Structures are given as structure tokens and as C-alpha cells.
Amino acid sequence: MSERLAGKVAIVTGAGQTEGAGMGNGRATAIAFVREGATVLLADRDERSARETADTAGERASVVGADVADEADCRRIVETCVERHGRLDVLHHNVGIGSGDGWTENLEMDAWERIMRVNAGSAAMLAKSAVPVMRDQGGGAITHVSSIAAVVQGDTGLRNPPLSYKMSKAALNALTQSLAQSYAGVGIRVNAIMPGLIDTPMGVDAVAREYGLDRERYARLRDEAIPLKGGQGSAWDVANAAVFLASDEASFITGVLLPVDGGQSCRVG
């Protein structure tokens, strides 16, 4: 690797992963950060899964068990990073859920509130703790993992009720751009990655289980929805974008909502 993140200290939330085939976005990003020279704190509610990621990533990765839906845990993640490593250069926020979502007429508001809190509220709570640290040290980079669901109509053929998830990711995009404008003057860059259909355990296995679909058939449906030859992307596609946005190569980039989607979001135009 090229050591593009050498000397940087990063937090990766959602660094464990859902049970299933392949690799999740958070795990791939954590591994890529370490390979590129960063020291990384891996945060996940499933501490065991995060430790599996750390074992693969190597000795510059450590773990903290935390639930980003809880403000005290968000604060503890940042405090733990500073206590262990003395600073925080990169906050990569990769947590998102969609379980329990529904169409408008059968939406359970408890599920809506949970999805909104985890997918959008957690980013605000983490920024609340991370921004003062980055401001005092002269800058930093925050990257949120959003989704093209925020800007592209859902495909009902894939049987994904998009309402709460779509709203939460649109809110996350708005937060990204608000933070970018608010803290550009103190050297904090804030961007978002908007993955499309990525072949991950959460994107494929978990959804197939929830809706009683055959995993391979569901994966094929997702492949067919991608304009670019080759079908769905992989977690490494998201991780590569994350490395770039965290690196000094992106030092003049802030407020960007970057699709990593094989051309899906081109359909907006």
C-alpha cells in the first residue's frame, strides 16, 4: 500500500458486520485505513464482530464496544480515541439500519424513530463530540456513509420499503453539508459517500432473510439494477472512496455527496 493515511488517527464506526457472505463496508474500510498507515479505533455495538475486524486489520487497530444511538456512547467513542492516541484526524461514520421499515400505510412509528436516530441522529451526536477535538487540533475529516436512496427513487421490484431509510439518509446528507459549511473555517472537512447496491451481508443477506427471499436470487435482482457492467459493487469500492476522502489528496474537498453506485444515480438526470 501507499501509506496515504500514515500518521493519522481514525475512528470507524460500524466496524463489525452483519452475519452473511462477503465483507461489509465498515470492515473493509477499517482494514483499508490500517493498510494505508492509519491508527484506527473500531467502534461497534457488536464488540465481538469488531474484534474480528481488528484481528484482520492488524496491530494498529483497537476496539471499543458502543451503541451510536446513545449520546453517552458517542461521547465515549471520541474520548476513548483521544485517551488512547492523543488526537482524532478522521471520523468515518458507517452505521445504518433499515430493519422494520415499511410503506406509509403500515409504517410503525417506533421503527421510524429508531431508524432516524441511528442513521441520522448518531452522526449528529458523534459530530457534537468530535468537532471540538478537531477544531482544537487545527482540523480533521468527517465522512458519513449515506446512500443513493436519499436521492433516487426506490425500486419496488427489490421489495425494499424505503420510507424511513430514505428520509434518514436525506437528513444525513443535509447534516453533512451543514457541518461542512459551519466548520470549513476551522479546517474540518465533512463529506458523505452514497453507496448504491453493494454486495454486503447487510445489503443482501440481512434483507433476504427479513423478506424471505433466496439470497442468490435477490443478489441477481440487485445486479440487474446496476447500469455499469459487472453488477453490484463490493465493500472495497466504498472503502477506496473512504480512503481518498480521509487522505490529504482530498484536502480541498468538503460538502461533497459522492455516489459510489455503478451509475444508478445518473438516472436522476
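Since the structure is predicted, the reported quantities are computational estimates derived from the model, not experimental observations. By convention here, the first residue in the shown sequence is residue 1.
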Which atom of Met134 lies closest to which atom of Leu91, heavy atoms considered
CE-N, 3.8 Å
Please test Asp44 against Gln17 for side-chain contact (heavy atoms from CB on, under 4.5 Å), starting from the C-alpha separation and ending with a verdict.
CA-CA 9 Å; Asp44 202 286; Gln17 67 179 54; over 6 Å; no
In this structure, would Ile115 and Leu126 fall into the same cluster of hydrophobic residues linked by side-chain contacts under 4.5 Å?
yes
Can you find a heavy atom in the side chain of Arg87 that is under 4.5 Å from one in the side chain of Val133?
no
May I ask you to decide if Val34's main-chain N or O and Arg60's side chain share a donor-acceptor pair within less than 3.5 Å?
yes
For the pair Ser168 (side chain) and Tyr165 (backbone), establish whether a donor and an acceptor sit closer than 3.5 Å, ignoring hydrogens and angles.
yes
Got a donor-acceptor contact below 3.5 angstrom from the Gln137 side chain to the Gly139 backbone?
yes
To the nearest 0.5 Å, tell me how far Ile31 CD1 sits from Trp236 CH2.
4.5 Å
Candidate list Arg117, Arg76, Lys128, test salt bridge (Lys or Arg N to Asp or Glu O under 4.0 Å), partner Glu71, passing option
Lys128
Smallest separation among heavy atoms of Ala69 and Val118, with atom names:
CB-CG2, 3.9 Å
Determine, step by step, whether Thr80 and Leu41 satisfy the side-chain contact (heavy atoms from CB on, under 4.5 Å) criterion, reporting the C-alpha distance in whole Å, the side-chain angles of both residues, the deciding distance to 0.1 Å, and the verdict.
CA-CA 8 Å; Thr80 299; Leu41 178 66; 4.2 Å; yes
Side-chain touch Ile193/Ser146, heavy atoms, less than 4.5 angstrom:
no
Are Met109 and Met167 in one and the same hydrophobic cluster, where Ile, Leu, Val, Met, Phe, Trp and Tyr link if side-chain heavy atoms are under 4.5 Å apart?
yes
Look at atom CD of Glu19 and say whether more than 12 heavy atoms of other residues, nucleotides or ligands are closer to it than 6.0 Å.
no
Identify the residue among Thr39, Leu88, Asp248, Val40 that makes a side-chain contact (heavy atoms from CB on, under 4.5 Å) with Lys8.
Asp248
Is there a donor-acceptor pair closer than 3.5 Å between any side-chain N or O of Ser178 and the backbone N or O of Ala174?
no
What are the two closest non-hydrogen atoms of Ala170 and Ala150, and how far apart are they?
N-CB, 3.6 Å
Min side-chain heavy-atom separation Asp261-Pro195 under 4.5 Å
no
As an exercise, state the distance from CZ of Arg51 to CD of Glu47, rounded to the nearest 0.5 Å.
4.5 Å
Can a donor-acceptor pair be found, under 3.5 Å and without considering hydrogens, that links the side chain of Asp46 to the backbone of Gly16?
no
Apply side-chain contact (heavy atoms from CB on, under 4.5 Å) to the pair Arg114 and Ile97, showing each step before the final yes or no.
CA-CA 9 Å; Arg114 174 69 178 169; Ile97 62 170; 3.8 Å; yes
Residue pairs meeting ring-ring contact (aromatic ring centres under 6.0 Å, His included), one or both in residues 16-53, sequence neighbours left out, come to Phe33-His92
In terms of heavy-atom contacts, does CD of Glu108 have more than 12 from other residues, nucleotides or ligands at under 6.0 Å?
no
In the structure I gave you, are the side-chain heavy atoms of Arg215 and Val204 within less than 4.5 Å of one another anywhere?
yes
Counting only N and O atoms by type, is there a donor-acceptor contact under 3.5 Å from the side chain of Asp237 to the main-chain atoms of Ser234?
yes
Side chains of His144 and Leu179: does their closest heavy-atom pair fall under 4.5 Å?
yes
Give a yes or no on whether Leu245 and Leu172 share a hydrophobic cluster (residues Ile, Leu, Val, Met, Phe, Trp, Tyr; joining criterion: side-chain heavy atoms under 4.5 Å apart).
no
Side chains of Glu79 and Ile77: does their closest heavy-atom pair fall under 4.5 Å?
no
Salt bridge (charged side-chain N to carboxylate O under 4.0 Å, His left out), that's the test. Do Glu52 and Arg48 meet it? Break it down for me.
CA-CA 6 Å; Glu52 291 176 354; Arg48 177 197 56 78; 2.6 Å; yes
Quick check on the hydrophobic clustering: are Ile142 and Ile11 connected, directly or via other members, by side-chain heavy-atom contacts under 4.5 Å?
yes
Minimum heavy-atom distance Val9-Cys81, with the two atoms named
CG1-SG, 3.5 Å
Heavy atoms only: give me the nearest Gly24-Ala235 pair and the separation to one decimal.
O-CB, 3.4 Å
Output for pair (Ile148 CD1, Leu197 CG), nearest 0.5 Å, gives 6.0 Å
Would you say Glu210 has more than 12 foreign heavy atoms packed within less than 6.0 Å of its CD?
yes
Does Val68 form a side-chain contact (heavy atoms from CB on, under 4.5 Å) with His93? I'd like the steps, not just the answer.
CA-CA 10 Å; Val68 296; His93 185 45; 4.1 Å; yes
Do the side chain of Arg4 and the main chain of Ser247 share a donor and acceptor less than 3.5 angstrom apart?
no
To the nearest 0.5 Å, what is the distance between CG (Asn191) and CZ (Phe244)?
9.0 Å
Shortest non-hydrogen contact between Ser164 and Leu107, atoms and distance
OG-CD1, 3.4 Å
Checking Glu36 side chain against Glu3 main chain: does a donor-acceptor pair fall under 3.5 Å?
yes
Taking Asp199 first and then Arg222, would you say they form a salt bridge - that is, a charged N and a carboxylate O separated by under 4.0 Å?
no
Validation row: Gln177, Leu257 side chains within 4.5 angstrom (heavy atoms):
yes
Gly14 backbone acceptor or donor facing Asn94 side chain under 3.5 Å
yes
Distance from Arg45 atom CZ to Thr13 atom OG1, nearest 0.5 Å?
12.5 Å
If you round to the nearest 0.5 Å, how far is NE2 of His85 from OG of Ser62?
4.0 Å
Val256, Val90: one ILVMFWY side-chain cluster at the under-4.5 Å cut-off?
no
Any side-chain donor paired with an acceptor under 3.5 Å for Asn25 and Thr200?
no
Has the side chain of Thr53 got a donor or acceptor atom that lies under 3.5 Å from a matching backbone atom of Arg27?
no
